[in-house]
Amino acid sequence: MAIFKAIVFPAKNHLKSDGTTNVKIRIYHNEDHQYIPTDFYILPGRMGKNGEVSPDCEEGDMLNYELGEIIQKYRKLTIQLGNARLSRMTCKDLKNYLVTASQPDYELIDFVKFSREVIVKTKKKRTADWYEVALNSLIWHYNKEVIDVKDITSSKLNIYMERLAQSGQNGSPLEPGTINNYIRALRALFNKCKLQNNDDDLDIIRIQHDPFAKIKIPQYRRKRKNIGIEELKRIRDGHYLTDRENIGRDIFMMQFYLMGININDLFLLKNPVNGRIEYERNKTNTDDNN
């Protein structure tokens with residue numbers, strides 16, 4: 001079990017200009033020490049070796065009470081961890097956990113705030129836009145800017161998908177492919193949120209549920225965009241008013257002759273090899289890191 005004690009550092013480099021020093025809570029765990037500063041300052045001589053402020057200190061009783069409250073809070077959090085988890089934690093791990101778990105909003109994990117932080121850090125614009133559109137849709141459905149991650153459940157996601165299929169943000173029903181796209185983006189953000197807030201090594205699991213595992217995501221079906229032979233011939237033989245339109249015709253026909261080559265791959269083509277066009281799909285070289 002970790003041991004906690006209020007202490008001060010009397011050395012000159014720890015003193016403020018008025019001669020006071022910060023009261024810290026010392027943690028002793030696994031034969032190591034760590035310190036958590038408090039909001040309190042006293043003259044070094046007013047702190048006894050037993051970790052209590054001397055009675056002659058102004059408001060000493062109240063200060064002892066406040067420090068005792070902090071230590072009891074840390075002890076409670078430590079007990080809640082359980083011996084198995086606590087034994088695997090270094091003293092620094094325990095300190096970091098206590099500092100984080102003591103924050104007033106520790107129990108709340110704001111999915112919107114977290115997702116927006118991810119979006120800002122996402123290097124690929126297309127991926128960032130994908131996340132943002134899906135997140136905005138979820139905010140529209142919940143009708144609030146703060147969404148507790150625990151409030152994202154499979155039942156609420158099912159209602160969300162039903163609502164999108166009936167009328168999206170713009171009042172028009174969304175295609176199954178669009179709903180699929182939104183759900184996959186939200187699932188990716190949710191998994192990132194779990195990764196940041198859970199510590200499997202220390203068995204600290206703040207997000208225990210996986211709502212996406214229990215929902216049926218609409219399948220994306222690519223719409224066929226076939227054109228007839230006669231229409232294809234009209235495009236091939238057409239002569240248009242502007243150079244831009246004629247270039248567009250030639251590019252379209254080149255893509256058709258090359259079995260539907262992607263426009264990006266067409267742009268990056270190198271010289272033919274032995275009379276053959278050879279290329280690798282450009283997306284296979286895409287860096288997967290966001």
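Residues take their numbers from the sequence shown, with the count starting at 1. Remember, it's a predicted structure, so these values are computed and weren't measured experimentally.
Counting heavy atoms from C-beta outward, L81 and Y97 have side chains that approach closer than 4.5 Å. Within the 4.5 Å cutoff, the side chain of F40 has no heavy atoms near those of the N22 side chain. The closest side-chain heavy-atom distance from I205 to K194 is not below 4.5 Å. Counting heavy atoms from C-beta on, the side chains of T20 and L15 never come closer than 4.5 Å. Within the 4.5 Å cutoff, no side-chain heavy atoms of I7 are placed close to those of M47. K24 has its side chain out of reach of V8: every pair of non-hydrogen atoms, C-beta onward, lies at least 4.5 Å apart. Using a 4.5 Å cut-off on side-chain heavy atoms (C-beta onward), M89 and I204 make contact. With contacts defined as side-chain heavy-atom distances shorter than 4.5 Å, the pair F256/L232 qualifies.
With rounding to the nearest 0.5 angstrom, the CZ atom of F111 is 9.5 Å from the CD1 atom of I139. Rounding to the nearest 0.5 Å gives a distance of 7.5 Å between CG of D18 and CG of L43. Distance check: K73 NZ to I71 CD1 gives 11.5 Å after rounding to the nearest 0.5 Å. In this structure, R234 CZ and I227 CD1 are separated by 9.0 Å, a value rounded to the nearest 0.5 Å.
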| query | Where do E175 and T178 land on the side chain to side chain donor-acceptor pair (under 3.5 Å) test, with the steps shown first? | reply | CA-CA 5 Å; E175 295 288 339; T178 304; over 6 Å; no
| field | side chain to side chain donor-acceptor pair (under 3.5 Å) assessment of T90 paired with D93 | value | CA-CA 5 Å; T90 66; D93 288 335; 3.1 Å; yes
| query | Checking side chain to side chain donor-acceptor pair (under 3.5 Å) for the pair N170/S172: CA distance, chi angles, key distance, verdict? | reply | CA-CA 6 Å; N170 298 322; S172 301; over 6 Å; no
| task | Before giving the answer on side chain to side chain donor-acceptor pair (under 3.5 Å), spell out for R184 and N180 the whole-Å C-alpha distance, their side-chain angles and the decisive distance to 0.1 Å. | result | CA-CA 6 Å; R184 288 190 299 106; N180 175 289; 2.8 Å; yes
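Hydrophobic cluster membership is shared by I251 and I261, with clusters built from Ile, Leu, Val, Met, Phe, Trp and Tyr side chains linked at under 4.5 angstrom. Both V133 and L157 belong to a common hydrophobic cluster when Ile, Leu, Val, Met, Phe, Trp and Tyr are linked at side-chain heavy-atom distances under 4.5 angstrom. Residues F114 and I207 share a hydrophobic cluster, clusters being chains of Ile/Leu/Val/Met/Phe/Trp/Tyr side chains in contact below 4.5 Å. Both I79 and L86 are members of a single hydrophobic cluster when ILVMFWY side chains are connected at heavy-atom separations under 4.5 Å.
Under a 3.5 Å cut-off, the side chain of N181 and the backbone N or O of G177 do not form any donor-acceptor pair. At distances below 3.5 Å, not a single donor-acceptor pair connects side-chain atoms of Q196 with backbone N or O atoms of K192. The backbone N or O of T242 sits less than 3.5 Å from a side-chain atom of N246, completing a donor-acceptor pair.
Nearest heavy atoms, P44 versus P10: CB-CB, 3.8 Å. The two residues S167 and W140 make their nearest non-hydrogen contact at O-CH2, 3.4 Å. Of all heavy-atom pairs spanning Y160 and S137, the tightest one is OH-OG, 2.9 Å. Here the closest heavy-atom approach between residue H29 and residue A2 is recorded as CB-CB, 4.1 Å. Closest approach of R26 and H33 over heavy atoms only: CD-CD2, 3.5 Å. Shortest non-hydrogen contact noted between S154 and I215 is O-CG2, 3.6 Å.
In this structure, V273 stands alone, with no Ile, Leu, Val, Met, Phe, Trp or Tyr side-chain heavy atom under 4.5 Å from its own, directly or through other members.
Note on D201 versus R88: no salt bridge recorded, every NZ/NE/NH1/NH2 to OD/OE distance being 4.0 Å or above. A salt bridge links D151 to K144: one of the charged nitrogens lies within less than 4.0 Å of a carboxylate oxygen. A salt bridge links R116 with E145: at least one charged nitrogen is closer than 4.0 Å to a carboxylate oxygen.
H209 and F190 have their aromatic ring centers within a separation under 6.0 angstrom.
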